[in-house]
Amino acid sequence: MPAVNASAPKVALVTGAARGIGLAAARRFLAEGWRVALLDIDGDNLNRAVAGLNEPERTLGVTCDVSDAAGVAAAMAAVAARFGRLDALVNNAGVAVFKPLLETTDEEWNRVLAVNLTGPLLCTKAAAPLMREHGGGAIVNITSISGVRASTLRVAYGTSKAGLAHLTKQMAVELAAIGIRVNAVAPGPVETAMAKAVHTPEIRADYHDAIPLNRYGLEEELAEAIFFLCDARSSYITGQVLAVDGGFEAAGIGLATLRGERRNG
């Protein structure tokens with residue numbers, strides 16, 4: 001491992017970083033002068049993403065399945081060998097299956113839980129010793145409003161994200177003793193490639209009706225929240241789940257009707 005330089009730029013590891021919120025988070029860290037390891041199971045897209053960042057001295061691409069303990073250990077070793085330290089881990093990698101409960105196969109259930117819940121556990125267990133060597137750090141788990149509010153077709157996804165929200169609290173309580181803060185960001189609907197592919201115009205209209213800010217979030221808005229929770233400005237915050245959702249989780253029914261009454265009043 002390279003000799004540690006206390007004044008060296010900080011290092012973040014972002015999983016699921018080939019696209020979407022993960023890639024936006026990587027850009028945000030780079031903009032603040034951090035070095036960033038980007039991890040993703042999709043090696044081709046990851047290589048294109050890293051090349052597009054055009055920061056060869058400050059980035060590292062690692063192809064890995066976060067549900068594979070041996071692969072995660074090798075990825076962490078690569079980060080340590082390249083950068084010598086780790087200050088932030090963003091557990092963003094995730095998969096989703098959108099099917100009714102009775103049509104969700106055992107294999108689909110197991111895969112979603114393996115990536116979305118076991119993956120963050122494996123990455124945290126591998127990252128924490130490296131963070132501890134240099135005084136601690138911060139971990140941000142990407143949960144979802146689907147882990148707070150039940151909705152159709154998300155039995156595996158929503159359950160995995162609810163589990164991750166509680167895992168965040170477990171991690172925060174146990175890792176505080178070694179200087180590691182652990183929080184979560186729970187995105188609402190976000191303008192990602194996946195959302196654009198699977199959300200029909202009707203679904204988008206339903207979301208707009210249910211969101212007080214009346215729009216989808218932006219990847220960059222999620223990245224801001226993630227970076228804040230990794231930054232020293234949030235040094236007394238741990239064990240929290242921050243909803244970045246335009247008010248979706250806070251709202252009950254009747255919002256669309258209320259808007260109509262205001263427009264017609």
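Just so it is clear, the model here is predicted, and its values are computed rather than measured.
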(message) Treating D87 as the side-chain partner and V11 as the backbone partner, does any N or O pair qualify as donor plus acceptor under 3.5 Å?
(response) yes
(request) Taking the side chain as every heavy atom from C-beta outward, state whether L222 and V190 have any atom pair closer than 4.5 Å. (result) yes
(request) Could you list who else is in Y207's hydrophobic cluster, with ILVMFWY side chains joined at under 4.5 Å, directly or through other members? (result) I145, I203, I211, L213, Y216, F248
(message) Can you give me the closest heavy-atom contact between A138 and C230, atom names plus distance?
(response) CB-CA, 3.8 Å
(message) Would you say that E191 contacts E221 through its side chain, given a criterion of any heavy-atom pair below 4.5 Å between the two side chains?
(response) no
(message) Test of understanding: clusters of I, L, V, M, F, W, Y form through side-chain heavy atoms closer than 4.5 Å, transitively. Do V115 and V62 belong to the same one?
(response) yes
(message) Whether the side chain of R58 engages the backbone of L30 through a donor-acceptor N/O pair (distance < 3.5 Å, no angle test) should be reported.
(response) yes
(message) Could you check whether any side-chain N or O of T118 sits under 3.5 Å from a backbone N or O of S67, counting only pairs where one atom can act as donor and the other as acceptor?
(response) no
(message) Please report the interatomic distance CG(N47) to OG1(T63), rounded to the nearest 0.5 Å.
(response) 6.0 Å
(message) Would you say V50 ends up clustered with I41 if hydrophobic residues are merged whenever their side chains have heavy atoms under 4.5 Å apart, either directly or through other cluster members?
(response) no
(request) Kindly indicate, with the supporting measurements, whether the criterion salt bridge (Lys or Arg N to Asp or Glu O under 4.0 Å) is fulfilled by E219 and R28. (result) CA-CA 11 Å; E219 295 168 350; R28 188 68 184 85; over 6 Å; no
(request) For residues H208 and R215, determine if any side-chain heavy atom of one lies less than 4.5 Å from a side-chain heavy atom of the other. (result) yes
(message) If I take atom CZ from residue R35 and atom CD from residue E57, how far apart are they, to the nearest 0.5 angstrom?
(response) 11.0 Å
(request) Please tell me if the side chains of L23 and L53 come closer than 4.5 Å, counting only heavy atoms from C-beta onward. (result) yes
(message) Could you check whether any side-chain heavy atom of N116 comes within less than 4.5 Å of a side-chain heavy atom of V95, counting everything from C-beta outward?
(response) yes
Give every donor-acceptor pair under 3.5 Å between a side-chain atom in residues 12-20 and any protein atom, sequence neighbours left out.
unit_1 : atom_1 : unit_2 : atom_2 : d
T15    : OG1    : V90    : O      : 3.4
T15    : OG1    : N92    : N      : 2.9
T15    : OG1    : A93    : N      : 2.9
R19    : NH2    : D42    : OD2    : 3.0

(message) Return the CE to CD distance between M131 and E133, rounded to the nearest 0.5 Å.
(response) 12.0 Å
(message) Could you tell me if the side chain of N110 sits less than 4.5 Å from the side chain of L113, heavy atoms only?
(response) no
(request) Using atom types as modelled and distance alone, determine if a side-chain donor or acceptor of R82 lies under 3.5 Å from a backbone N or O of T59. (result) yes
(message) My understanding is that only residues two or more places apart in sequence, or in another chain, count here; which of them pass salt bridge (Lys or Arg N to Asp or Glu O under 4.0 Å) with E174?
(response) none
(message) Tell me every residue that passes salt bridge (Lys or Arg N to Asp or Glu O under 4.0 Å) with R149, counting only those two or more places apart in sequence or in another chain.
(response) none
(message) Does anything in residues 85-107 form a ring pair (Phe, Tyr, Trp, His ring centres under 6.0 Å)? List the pairs, not counting sequence neighbours.
(response) none
(message) If hydrophobic clusters are built by linking Ile, Leu, Val, Met, Phe, Trp and Tyr wherever their side-chain heavy atoms come under 4.5 Å apart, do I237 and F227 end up in the same one?
(response) yes
(message) What I'd like to find out is whether the side chain of I142 reaches to under 4.5 Å of the side chain of I226, using heavy atoms alone.
(response) yes
(request) Enumerate the residue pairs fulfilling salt bridge (Lys or Arg N to Asp or Glu O under 4.0 Å) with a member in residues 100-123, sequence neighbours excluded, ordered by first and then second residue. (result) D65-R111, K99-E108
(request) Could you pull out the closest heavy-atom pair between V185 and P187, with the gap in Å? (result) O-CD, 3.3 Å
(request) Measure from the side-chain N and O atoms of N183 to the backbone N and O of G239, and report whether any donor-acceptor pair falls under 3.5 Å. (result) yes
(request) Quickly, which of N141, T124, L229 forms a side chain to side chain contact (heavy atoms under 4.5 Å, CB included) with V182? Name it, please. (result) N141
(request) May I ask you to decide if T152's main-chain N or O and R154's side chain share a donor-acceptor pair within less than 3.5 Å? (result) yes
(request) Working to the nearest 0.5 Å, report the span between CG of L153 and OG of S146. (result) 10.5 Å
(message) To check you understand the geometry: which heavy-atom pair defines the closest contact between A172 and T238, and what is its length?
(response) CB-OG1, 3.5 Å
(message) Could you report the tightest heavy-atom contact between A225 and L242, atom names first, then the distance?
(response) CB-CD2, 4.1 Å
